[in-house]
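Notes follow once the structure below has been shown.
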Amino acid sequence: MVGEPAPIRKRPEPVEPATPLQAAPAGRVVPTHPPPSPRYAAPPVRRYAHLAPPSPALPVELAPFRGLLPARLLDWAHRRARALRVGGDEVLICSGHVSAETATRLSAHHFGLATDPLTGVQVRAEDTPEILRKGTFVAFDEDSGTLNYTFAARGIGVRRLAALLKRDDTLTARARLVSPERLHAVIGSIGARDIGRMAAYELHTTRPHLSAASLNVSRRLLPVLLLAMMTAIFAWLAPRATFLCVEILLSAIFLSGAVLKLGACFIPAPRDVPLGLEDGALPLYSLLVPLYREVRVLPQLIEALKRLDYPPEKLDIKLVIEPDDFATRNRLRRMRLPPWFEVVTAPAIGPRTKPKALNAALCFARGSYVAVFDAEDIPEPGQLRHALAAFRAAGSSTACVQARLAIGNADESWISAHFAAEYAGQFDVLLPALASLRLPILLGGTSNHFRRDILEAIGGWDPYNVTEDADLGVRLARAGWGTTVISASTDEEAPITRRAWMRQRTRWMKGWAQTLLVHGSHPVELVRDLGAGNAIALGLLTAGPFVSALLHPMCLAVLFADIISGVFLAPGSSLLGVAASALSYTNLVVGYLVAGISCSLGLHRRGRLGLAPILLSLLFYWPLISLAAWRAIIELVVRPHWWDKTEHGVSRRRRLRPAHGAGSGPDEAIRPVNPPLQRDHLRGSA
């Protein structure tokens, strides 16, 4: 795209950046400084001068291919481009007939411009995001005293460039072209440190009160420790009364949260609005997929993303990898990724977390809408269209759409079955109800769809919060933006062992505690931003998991003590003992009942009611949650920003469904580019 120029200065020698960060062209992972090699040179062009000439009405971006590609191929590209409202060169690239570098070289030759290798340039830190976003910059030539322009023009941007050249005859001598892929690779490499700092520290710098990096856990926990010491003293002086007071306090929060979940069961699931979106009206959509040690699931992930029912010319998929993840990097290098895939290497600056990687990749995203998927995800093919329809129906006050998450390997183990039941209660019952009531929503970690401008306005993701999804949902609500939930779902992989489950659940609990401490540190501002009702609901959603985890062992202890002492359901000897026992029994009954109803309803809506008998073993599952909560408290003090990686691809029963199975789109949606000729033309190396 051609936009307003951003300044750039020439330097005599290239400087090696401290941290690599690049977007690889045409689905290839390239070195930080790609050396000049025949690999990057386009092969000889096959000519078709003997064929009938194409229609004279071809747009300017297809003019460079006259006589080089068959007329009927150019006519097809023109028709498809006009229907999609994109550039004809983008159609040729996505259909595999022309490489990105070859298209840029031919366009430059057509306009009489030189191509820019982007060697020996230096970009100011404040200009890097703007250059990546607009795809154009200006360099001042000290020798001639003129401004030289470099454009990463493609599609509609080529038409704008042609108009600029027509208006200014002198621009031809001062303008050069570069492919958007090479612009990303070089500018991303040169500005790696600046992009890394922005991804890791911008939220903390601009909004320190909303970042977990400002969270002094020791200072924030000091009042809690003082309260614990006072409780211990009172417990030594009056153990029964102290125990009852603590239980009453925790029970008030727990039972309020249980009432909220029970009320959600009586709210009908909202129906999705009709899609009604033609391909030409679809916007450019960017998908961010962070990867770390995900070699086992890469083939499944790429195939699932290729099946999305969305024109590839309007897809911008960023696969985000870490600098030291050589296995994933090498596997991607060997894969033949479509041209609408790019590989971005996150900088080794700041915490190594998923939100930091997402912030870095957001600089390279081109879409006006952004979605996040995890490595093991299998989204429904029509999910992007459903999200756009939900945005349009909800109005301009909605900034986020959350798709529902489902577990694809529920029958693999006892742990995965409980995990699936939890997800059903959360994403098929609770979140849709919260969206209907316009209450704050703690987002799921994947399948979030955002308006890109709003996402950037609130500062992106917090790199220091290990449940960045929950925190982002709260910040959206505090800024006045709404979130809605759609029925389109994403298939996920649940942990199948207790060890993997415990590590993941500990991270979740730690992140919820971070979110609670960050946003609860200034309660007056929180109530002012959300309103009293929404603030209370948010408190129940964030504090609820911890309170239920802490309260459950206490209630079980009272139950077992009564059974052992023989006073279970018998008249008590003291009023305090009777009150403690009655409250414990109530908490257990209400907790199990609400969980059973919510999860069963979710399983019913998900069509997996056969898993409901697993809920009979909640008595053994909830103590594991309590253990995870205590581990989270310890980690919150010892290593608050540590991201415990969950291994994916370990399931033996979860497989990608056939392309034409239930829920998949038509063949034109799965393979949307169907030109009249074989794809063997101008496939120059990128």
Side-chain angles (χ1 to χ4, degrees), residues 1-11 22-23 25-26 34 40 42 59-65 81 85-94 98-124 126-141 144 146-191 284 313 316 339-340 342 363-368 684 686:
M1 299 287 293
V2 178
E4 293 297 326
I8 188 169
R9 297 193 300 272
K10 279 283 185 181
R11 62 180 180 185
Q22 79 274 354
Y40 296 95
V60 66
E61 73 273 9
L62 286 177
F65 306 100
R85 301 175 191 173
V86 298
D89 54 345
E90 294 173 303
V91 173
L92 292 175
I93 292 173
C94 287
V98 181
S99 73
E101 295 297 327
T102 301
T104 298
R105 179 174 60 84
L106 292 176
S107 294
H109 177 73
H110 176 76
F111 291 113
L113 304 177
T115 57
D116 193 346
L118 295 178
T119 56
V121 295
Q122 185 176 11
V123 184
R124 295 185 303 184
E126 61 270 22
D127 297 328
T128 301
E130 196 72 7
I131 291 173
L132 292 173
R133 181 180 296 109
K134 293 187 175 181
T136 182
F137 59 84
V138 57
F140 178 72
D141 191 334
S144 62
T146 59
L147 296 178
N148 296 325
Y149 299 88
T150 298
F151 301 106
R154 179 171 296 164
I156 306 301
V158 175
R159 302 180 191 177
R160 296 173 180 169
L161 175 60
L164 288 175
L165 294 173
K166 187 175 181 180
R167 289 199 303 265
D168 187 355
D169 295 336
T170 67
L171 186 60
T172 303
R174 296 181 291 115
R176 292 184 291 183
L177 286 185
V178 66
S179 69
E181 291 79 9
R182 184 163 184 82
L183 178 77
H184 282 185
V186 176
I187 300 301
S189 175
I190 294 173
L284 182 62
E313 294 87 348
D316 173 42
W340 56 94
E342 286 185 313
C363 297
F364 296 89
R366 299 181 293 115
S368 55

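Only this structure's heavy atoms are used, side chains among them; waters, hydrogens and symmetry mates stay out.
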T102/I93 under side chain to side chain contact (heavy atoms under 4.5 Å, CB included): CA gap, chis, key distance, verdict:
CA-CA 9 Å; T102 301; I93 292 173; over 6 Å; no
Electrostatic pair R105-E101, nearest N-O below 4.0 angstrom:
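Result for this pair is no, no salt bridge flagged.
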Would you mind checking if R174 and D168 are paired as a salt bridge, meaning a charged N to carboxylate O distance below 4.0 Å?
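Yes.
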Looking at T119, V178, L118, which one forms a side chain to side chain contact (heavy atoms under 4.5 Å, CB included) with V186?
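With V186 as partner, side chain to side chain contact (heavy atoms under 4.5 Å, CB included) holds for just one option, L118.
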Answer whether the closest heavy-atom distance between the side chains of [X] and [Y] falls below 4.5 Å.
| X | Y | answer |
| --- | --- | --- |
| I187 | T128 | yes |
| F111 | V60 | yes |
| V91 | V86 | yes |

Write down the atom of [X], the atom of [Y], and the distance for their closest heavy-atom approach.
| X | Y | result |
| --- | --- | --- |
| S179 | A100 | CB-O, 4.3 Å |
| P64 | H110 | CG-CB, 3.7 Å |
| P339 | C94 | CG-CA, 4.2 Å |
| F151 | A175 | CE1-CB, 3.9 Å |

Go through the structure and list residues passing salt bridge (Lys or Arg N to Asp or Glu O under 4.0 Å) with R159, not counting sequence neighbours.
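Salt bridge (Lys or Arg N to Asp or Glu O under 4.0 Å) list for R159, sorted by chain: E61.
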Looking at [atom1] of [X] and [atom2] of [Y], how far apart are the two atoms once the value is rounded to the nearest 0.5 Å?
| X | Y | atom1 | atom2 | value |
| --- | --- | --- | --- | --- |
| L165 | T170 | CG | OG1 | 10.0 Å |
| R160 | T136 | CZ | OG1 | 11.5 Å |
| H184 | C363 | NE2 | SG | 10.0 Å |
| L161 | R154 | CG | CZ | 13.5 Å |
| T104 | L113 | OG1 | CG | 11.5 Å |

Before you tell me yes or no, could you show the steps for F65 and D89 under side chain to side chain contact (heavy atoms under 4.5 Å, CB included), namely the whole-Å CA-CA distance, both residues' side-chain angles and the distance that decides it to 0.1 Å?
CA-CA 9 Å; F65 306 100; D89 54 345; 4.2 Å; yes
So does A103 get a backbone contact from the side chain of S107, meaning a donor-acceptor N/O pair under 3.5 Å?
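Indeed, once roles are kept as given, a pair shorter than 3.5 Å links the two residues.
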Kindly say whether D127 contributes a backbone atom to a donor-acceptor pair with the side chain of E130 at under 3.5 angstrom?
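Not at all, since once roles are kept as given, no pair shorter than 3.5 Å links the two residues.
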Who pairs with R366 by side-chain contact (heavy atoms from CB on, under 4.5 Å), at least two apart in sequence or on another chain?
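Listed in chain order: L284, D316.
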Check step by step if side chain to side chain contact (heavy atoms under 4.5 Å, CB included) holds for Y149 and L171.
CA-CA 8 Å; Y149 299 88; L171 186 60; 3.6 Å; yes
Should L183 and F137 be marked as a side chain to side chain contact (heavy atoms under 4.5 Å, CB included) after you check the CA-CA gap, both sets of side-chain angles, and the distance that decides it?
CA-CA 10 Å; L183 178 77; F137 59 84; 3.6 Å; yes
